[in-house]
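To start, the structure under review is shown below, and the notes come after it.
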Amino acid sequence: MTVTDTLTGGAPASTTALLELRGVTRHYRTGRRFTRGGRGTVHAVDGVDLTVREGESLGVVGESGCGKSTLARVIVGLERPTEGQVLFQGQDVAALRGDERREWRRNVQLVFQDPYSSLDPRRTVEQLVGEPFVIHDDLVPRGRRRARVQELLELVGLNPNHIDRYPHEFSGGQRQRIGIARGIALNPKLLVCDEPVSALDVSVRAQVVNLLLDLQDELGLSYVFIAHDLQIVRHMSDRVVTMYLGRVVEDGDVSDVYEAPAHPYTKALLSAAPELRAEGRKQERILLPGDPPSPIDPPEGCRFRPRCWMAKEVCGTEPGLLEIGTRPGTARCHFRAGTG
């Protein structure tokens with residue numbers, strides 16, 4: 001039995017925008033030891049536009065270092081964008097103050113990648129999952145919090161009687177369920193999952209993904225789902241965006257992108273997934289030369305140009321996200337597939 005055999009689908013999404021990113025950029029200044037001749041700038045996220053609709057799962061894929069995790073941290077407010085806007089339900093997050101900002105923080109939560117390092121080993125499950133109720137103390141009365149934590153544990157498939165245990169008494173999959181219980185404690189509208197299954201054994205990955213899908217149906221959640229496992233992204237997501245060197249290079253419905261990728265980088269990324277090739281994909285393995293360029297000194301024009309087999313002189317000028325033509329979606333490429 002494969003991971004695919006044990007994954008189930010989710011509910012259709014709404015057309016109402018919940019989250020919008022408009023030209024979001026996140027740069028970091030470096031020390032002298034990282035650059036020759038002085039300080040430099042890391043272009044971690046560079047002009048990202050995307051939308052997450054109510055009830056939708058948006059998958060984000062790309063190589064390590066492409067900016068996925070930085071994007072997640074910007075969405076949940078752990079990082080401030082250098083430029084651009086993050087809008088939640090039409091409101092600019094940077095302009096929110098007082099109760100409005102508190103409400104936004106309650107509605108956007110993060111599930112971390114590593115369930116071993118993200119849970120304080122000195123705190124019990126009750127303390128870990130119940131911490132949001134201490135911060136947002138108006139949501140659950142003090143005398144009701146322990147019972148609410150037990151309800152959350154049961155909701156994510158854990159024994160509510162284990163509420164007084166510590167993280168080291170649980171397996172990796174169980175720890176991630178604790179992290180998910182903490183993430184949904186405040187009844188958020190958007191859950192950002194940053195590589196939520198990459199640190200888990202293959203045997204339990206499908207269980208956690210199916211839990212997330214079940215919670216989406218039951219609670220009406222929207223997801224930003226970041227992962228390296230392209231097979232899981234396909235089953236988890238309604239739409240998918242591909243990132244390369246801080247930019248979104250393709251955006252479309254997950255079935256369309258996986259069956260007919262429009263950007264050369266997306267084609268290469270999908271061709272590298274053996275589980276997808278084994279399921280009948282006709283595309284041959286595409287081997288890209290070299291490594292991704294440094295985000296401190298990205299290439300001029302199309303950032304994928306140094307590794308692209310389709311590159312021409314026109315690629316010295318980078319296009320924006322252009323309509324693909326034969327199907328819904330956009331790609332940042334002069335020679336995107338589907339344009340005739």
Side-chain angles (χ1 to χ4, degrees), residues 1-10 50 56-69 71-72 113-114 173 176 193-210 212-213 223-293 303-304 306-310 324 327 329-333 335-338:
M1 179 177 291
T2 65
V3 173
T4 305
D5 297 325
T6 53
L7 287 169
T8 58
L50 60 80
E56 180 181 52
S57 291
L58 177 70
V60 182
V61 299
E63 293 171 282
S64 295
C66 71
K68 302 187 303 295
S69 291
L71 185 69
Q113 173 179 358
D114 188 356
Q176 194 60 293
C193 303
D194 185 11
E195 298 278 4
V197 298
S198 63
L200 305 179
D201 293 337
V202 174
S203 59
V204 299
R205 289 182 183 179
Q207 297 173 21
V208 173
V209 169
N210 283 334
L212 290 169
L213 289 170
Y223 289 125
V224 173
F225 189 84
I226 297 168
H228 280 94
D229 191 320
L230 297 174
Q231 187 182 32
I232 287 180
V233 169
R234 183 176 63 178
H235 286 274
M236 183 71 196
S237 306
D238 303 301
R239 286 192 305 118
V240 62
V241 299
T242 308
M243 290 190 67
Y244 184 80
L245 209 61
R247 293 204 192 278
V248 171
V249 296
E250 185 164 357
D251 182 347
D253 291 343
V254 68
S255 57
D256 291 337
V257 172
Y258 274 64
E259 292 303 318
H263 194 281
Y265 176 65
T266 308
K267 292 180 182 179
L269 201 63
L270 291 172
S271 80
E275 68 275 9
L276 297 178
R277 297 202 306 273
E279 291 177 10
R281 289 187 57 83
K282 297 180 180 180
Q283 184 179 358
E284 296 182 1
R285 177 73 167 90
I286 299 172
L287 298 175
L288 298 177
D291 296 317
R303 296 187 174 187
F304 187 58
R307 306 174 74 194
C308 183
W309 66 95
M310 298 174 62
I324 291 169
R327 62 169 174 82
T330 56
R332 194 182 296 273
C333 180
F335 305 106
R336 59 204 179 282

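We count residues from 1, following the sequence as given.
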**Report entry** Heavy-atom check, side chain of Val254 versus side chain of Arg239, under 4.5 Å
**Finding:** no
Requested in this report: Measure from the side-chain N and O atoms of Asp238 to the backbone N and O of Ser57, and report whether any donor-acceptor pair falls under 3.5 Å.
Outcome: yes
Requested in this report: Measure the spacing between SG of Cys308 and NE2 of His263 and express it to the nearest 0.5 Å.
Outcome: 7.0 Å
**Report entry** From Asp194 atom CG to Lys68 atom NZ, the distance as rounded to the nearest 0.5 Å
**Finding:** 8.0 Å
**Report entry** Heavy-atom closest contact (Trp309 atom, Pro264 atom, distance)
**Finding:** CH2-O, 3.3 Å
Query raised in the report: Under 3.5 Å, side chain of Arg307 to main-chain N/O of Pro289, donor-acceptor pair present?
Result: yes
Query raised in the report: Would you call Leu50 and Leu71 a side-chain contact if the rule is heavy atoms closer than 4.5 Å?
Result: yes
**Report entry** Atom of Met236, atom of Val209 and distance for their closest heavy-atom approach
**Finding:** SD-CG1, 3.8 Å
Requested in this report: Check Arg303 against Tyr244 and note the closest heavy-atom contact, atom names and distance.
Outcome: O-CE2, 3.4 Å
Query raised in the report: If only atom types and distance count, is the side chain of Arg336 paired as donor or acceptor with the main-chain N or O of Ala331 below 3.5 Å?
Result: no
Query raised in the report: Which value, rounded to the nearest 0.5 Å, describes the distance between Gln176 atom CD and Gln113 atom CD?
Result: 9.0 Å
Query raised in the report: For Met243, which of Ile226, Val61, Val249, Val248 qualifies under side chain to side chain contact (heavy atoms under 4.5 Å, CB included)?
Result: Val248
Query raised in the report: Looking at Val240 and Leu58, what are the two nearest heavy atoms and their distance?
Result: N-CD1, 4.2 Å
Query raised in the report: Once you round to the nearest 0.5 Å, how far does CG of Leu213 lie from OH of Tyr223?
Result: 7.0 Å
Query raised in the report: Quick one: does Phe225's side chain get under 4.5 Å of Leu212's, heavy atoms only?
Result: yes
Query - Check: Ala260 main-chain N/O paired with Arg327 side-chain donor or acceptor under 3.5 Å - result: yes
Report task. Indicate the atoms forming the closest heavy-atom contact of Val204 with Gly173, along with that distance. Result -> CG2-CA, 4.5 Å
Query - Whether Arg205 side chain and Val197 backbone form a donor-acceptor pair below 3.5 Å - result: yes
Report summary line: When every non-hydrogen atom of Tyr258 is compared with those of Leu230, the smallest separation belongs to OH-O, 2.6 Å
Query raised in the report: Looking only at side chains, do Glu250 and Tyr265 share a donor and an acceptor under 3.5 Å apart?
Result: no
Requested in this report: Quick one: pull up OG1 in Thr242 and CD in Glu63 and give me the separation to the nearest 0.5 Å.
Outcome: 11.0 Å
Query raised in the report: To the nearest 0.5 Å, how far apart are CD1 in Ile232 and CD in Glu195?
Result: 10.0 Å
